[in-house]
Each structure stands twice: as structure tokens, then as C-alpha cells.
Amino acid sequence: MTYSYQIALIVPAAQREAAKRIAEAMGWGPDNYRVPLSDGAYYGLSAVAQPSFVDALAAAGSGTAPEGVDPADLEAVLPVLLSSIEPVGTRAQADQFDALCAQHGLTRSFEPGA
Amino acid sequence: MLAFGLSLAPGRGRAARGITPASVPGLVAWYDAFDQTTLFQSSFGGDAVSSNGAPIGMALPGNRREPELSGALTFPDLVWTDNGDGSYTRDNDSGFSAFYLNTGHSASYFIGKLIRVSFDYTLEADSPSRILVYRRGQSDQGNESFAVGAFGTSGRYDGYIRVVGPSDRPVWIDSNGGKYTIRNFRLREVVGQVLMQTTAAARPTYGASGSHRWIAGDGVDDVLQLAEPVQYQTLIMVLSHAVVQAAVVALVGAVAGGGTHYVHIADATTLSLDGGTMKTGRWKQNDGPWTSKERNPVAPGRDLLSRTPYVLSAELEEPQEFRNLLHFENGSTVRYGNVRIYGAAFYDRILTDAEHTLVYRYMAGKAGL
């Protein structure tokens, strides 16, 4: 299995549970989106991913729900999902995540390097 | 004191042959990224880590034990033939007919345990195209299937299962028909401090370059955890930076229950060890002098922000709990390590200087020092 992408995903707190259900249905296990942002207004994740996951995400954006995923959850999450998908090694994953946060005016609820 | 005496202490700059962190008494846990057989992509112990950048869902300690499970193996399903020589043959082309192995323990005995399963197999007439080893009972979630070859093919399965619920089977082997024989079947219970991560996004990744091997945290949400915290007092670890940037938190260990313990790279020449609410006795980098200062400039010319690995040794005044690797929490403080960890050994006591030297030399060898 080749993990050729590094991804950062962020959702508003209101859609966090639906986003976690989607991730779990896609084989990612429980409790993804565990990083609180802007005092818990948003939650994010950083991970490496296989091309099949990126393809499934793209297909979901086109209206095709991945197998096992509740379309209602997709409908709730996709419009508000913030994402960054890059080939592995483009930059440090923490930099990618922080850049996505900055792009949307979000801050981590702790200082990662202080 | 060392059980084997001090005469085996290695000379300066080289490790003694056959000496590992497990040679020194008091070892709580030892993780070694150079031993690829201890790293798996899934938290159930499936999918061995085989490529650069693969996620790590489970890391076995190098000092684990794997005692045989007691109790006679029985094969309750009549589709299996007992050949009388320790081998069993399944010849059934009439469709699905799974079985499980009764090891003499109740199902509840296995809950939460990590079990190593291994057997040899030989495909015979009407060979199946696959054999399934289920990890979670009758469900196909968490199973592992492997394709098998043509008639006459022999092979070996050697993997791990983690029993989750009371209805899960310790082992459940199935195929899509055909005839095959298994022998040398073994069930072993893994005893030791197994690190795992069930959340895919929170799994660190495996790295390899040249002679180096490491476990890398992304600095965002990666953490490996023990099921229960364990006490330690001495830590000897090989680490380097995952990225080259200032003010990276280089986490080396974490504790539950209030204490924190991490390394902070303030800039290219300043390393600090933060004991949080507990007191760090002394610590040092590589074979430099011990220091009790929390903040310590390193030798001029040594760039801490490079990816050159180094050995960190730390002794705590009192034993503390260790549960997380690459992460800690303490009240409102949450930190994730953005580092590469090549190896780490935790002891439940303060080592003598001679013992420390033995472990240091081993770790220094891993770091290429």
C-alpha cells in the first residue's frame, strides 16, 4: 500500500461527529478530527493517505457516496469541509496543517512549538 | 547490578556484541524502529510496515515475551481431518464452512490481548485462491486475507490478532473452498508494553533513509499509546527532527496523571528538558556531561535543528508514568512531537554508570555515532 498523499482536513464543531462517522466508515477507525481549533469551534486532522482515499473523496464531492458512508453525513460535511491535499513530502505536515488553519483564520488551541 | 557482571562493558565508541537494552535489568519497554518486524500499519497487528511513509498503528516492544497459550488445540468442525501427525486438512468444496480453534480458554480470556498466530500451509487438489485469518470473529471486519498460489504451493502465515469483544473468536480460519493442510499451528500471547493507535489520522509514519530507520510524528495529532500507563525512571532515546525549523517541540516521552516530560529545541544551539510538574534528576545529550539544568546550551557547532540523530538520556528523581509516545497532555497544555524517534528504552530505576554506558553504546550505534 502506497501512501502518496498528505492531507489536512478541518470541519466545524457542529459537523464533527458526522465527519468522524464518515472517516470510520471509510476504514479510518474512531476518533479522527481530534485537534481542537479556535477554542473548539473547529476540529482537524493531519494524515497520510492512499490514492484510493483521495479518489473516494473526489467522488464524494461529485455526489458518489463511498461504500458504507451515510449520504446524509456527506451532505452535512462536504459543504463545510476545509481540505488540503498534497503529494507526500511537499512540506512538513505540521506546516501544511497550520497553513490551512491560517488560510481560514483558525488557530490551534495550543502553541505547537512554544 | 548487572547479572552478568561488568566485565562485558564495551570500550568507548562501540557496542558490545549481543548487548541490547534488554540486557540491563529493570527494562520496562524498548522500541526499535530498526526492527521492522515490530511495526504494523493496523492497530490489530495487520499489514507489516514495509515502505517509507507507511502509517504505524502498532509497535511491539523489543523486550516482549510470547509464551505459548496453554490448553490443547481442538478442531470442533468436522470438515477438518486430523492427520494424526500434528497437521489438519480441510477438504471441502461445498462452500463456506468456517471453524475456530478452541484453545482451552473461554472467549473472555482473550479480550484485549494480542495473540500471535502462525502456521504452515500446503495447498492440494482444488486449491483455494485465498485463506482468511479473521481477527474479529465472524465479521469480515479486521480480517486479513492472503492470496495463495497454484496447486502444490506451500507457505507460512505469521501474524497477530487482537480480540475485541466476547463474541470474537481467538482464531477463525476460512477459505473460499478447495483442499489444504495446515501444520505447526501455534498460538502465542504477546506479553509486553505494546504501543498502538486505532485512529488512522493519529498514526505516526515509518521512515527509512540509508541506514537509518525511524518513527515520525507529524506534530499535529500523531501519538502511540499504551493500554495502561507504566512507571519509568530512566529514559534513553535516539531522536532527531522531522523538520528543520526553530522552536520545534521534540517530545520524548509523556506521562498520564499530571506529569509531563519532553524535550524542547529552543533554537539551533539550545536544548531544554522540561520536567513539568515532576523533577528531572539529570539528563544529557550523547556522551556529554550530565546536567541538571532545565535549559542547556549544547556544544558550539552542533546543530540541533539538523536531522542528525542524537542520544538523549534522562533520569527522573522519582518514577513517573509513561503512556504516550509523541504526545502529552497536562491540563490545558497539549503537545505533539514533531520528531523522528529511532529507538527508546524505558527503565523502572536509575541505572548505574556502567549500565547506562552499555545502553548508550547500543543506542549510539543506532544513531551512527
Side-chain angles (χ1 to χ4, degrees), chain A residues 1-11 16 19-20 22-37 39-40 43-53 68 83-84 86-101 106 108-114, chain B residues 41-44 46-57 141-142 196-207 216-223 225 241-251 262 264-267 274 305 327-339:
Chain A
M1 293 187 283
T2 302
Y3 292 81
S4 48
Y5 291 96
Q6 57 186 46
I7 64 173
L9 300 176
I10 296 172
V11 293
R16 183 189 182 198
K20 288 166 67 174
I22 293 171
E24 188 160 5
M26 296 179 73
W28 279 47
D31 198 30
N32 290 278
Y33 298 92
R34 58 171 56 185
V35 182
L37 302 168
D39 296 323
Y43 286 85
L45 66 78
S46 168
V48 292
Q50 297 172 306
S52 58
F53 177 83
S83 65
S84 170
E86 300 174 344
V88 160
T90 301
R91 53 181 161 171
Q93 286 180 258
D95 290 345
Q96 178 190 17
F97 187 82
D98 288 340
L100 181 63
C101 290
L106 303 174
R108 287 206 235 183
S109 298
F110 59 93
E111 296 183 23
Chain B
Q41 296 186 44
S42 88
S43 60
F44 294 100
D47 302 325
V49 167
S50 57
S51 61
N52 202 2
I56 298 173
Q141 292 183 337
M196 60 180 289
Q197 179 52 262
T198 58
T199 303
R203 290 174 184 157
T205 52
Y206 171 74
D218 67 2
V220 178
D221 55 7
D222 289 352
V223 53
Q225 292 183 302
H241 284 263
V243 295
V244 180
Q245 67 181 53
V248 171
V249 171
L251 179 67
Y262 61 94
H264 176 208
I265 311 300
D267 55 44
D274 191 327
L305 298 181
H327 167 267
F328 71 79
E329 293 183 49
N330 182 25
S332 61
T333 303
V334 178
R335 296 179 192 276
Y336 290 91
N338 193 1
V339 296

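Sequence lines set the chain letters: A, B, ... in the order given, protein chains first and strands last, and positions in each chain run from 1.
- Atom CG of A/L45 is separated from atom CG of B/D221 by 6.5 Å, given to the nearest 0.5 angstrom.
- Among the candidates A/S46, A/S4, A/A47, the residue making the largest number of heavy-atom pairs closer than 4.5 Å to chain B is A/S46.
- If you take CD on B/Q41 and OH on A/Y3, they are separated by 4.5 Å, rounding to the nearest 0.5 Å.
- Within a 6.0 Å sphere centred on OH of A/Y5, other residues, nucleotides and ligands contribute 12 heavy atoms or fewer.
- Within the 4.5 angstrom heavy-atom criterion, no atom of B/N52 approaches chain A.
- Separation of atoms CD (A/Q6) and CG (B/D218) is listed at 9.5 Å; rounding is to 0.5 Å.
- If you measure heavy-atom distances from B/T205 to chain A, the contacts under 4.5 Å come from the side chain alone.
- Taking the side chain as every heavy atom from C-beta outward, B/V223 and A/R34 approach each other to under 4.5 Å.
- At a threshold of 4.5 Å between non-hydrogen side-chain atoms, the residues B/V220 and A/V35 count as touching.
- With a 4.5 Å cut-off on non-hydrogen atoms, A/V48 touches chain B through its side chain but not through its backbone.
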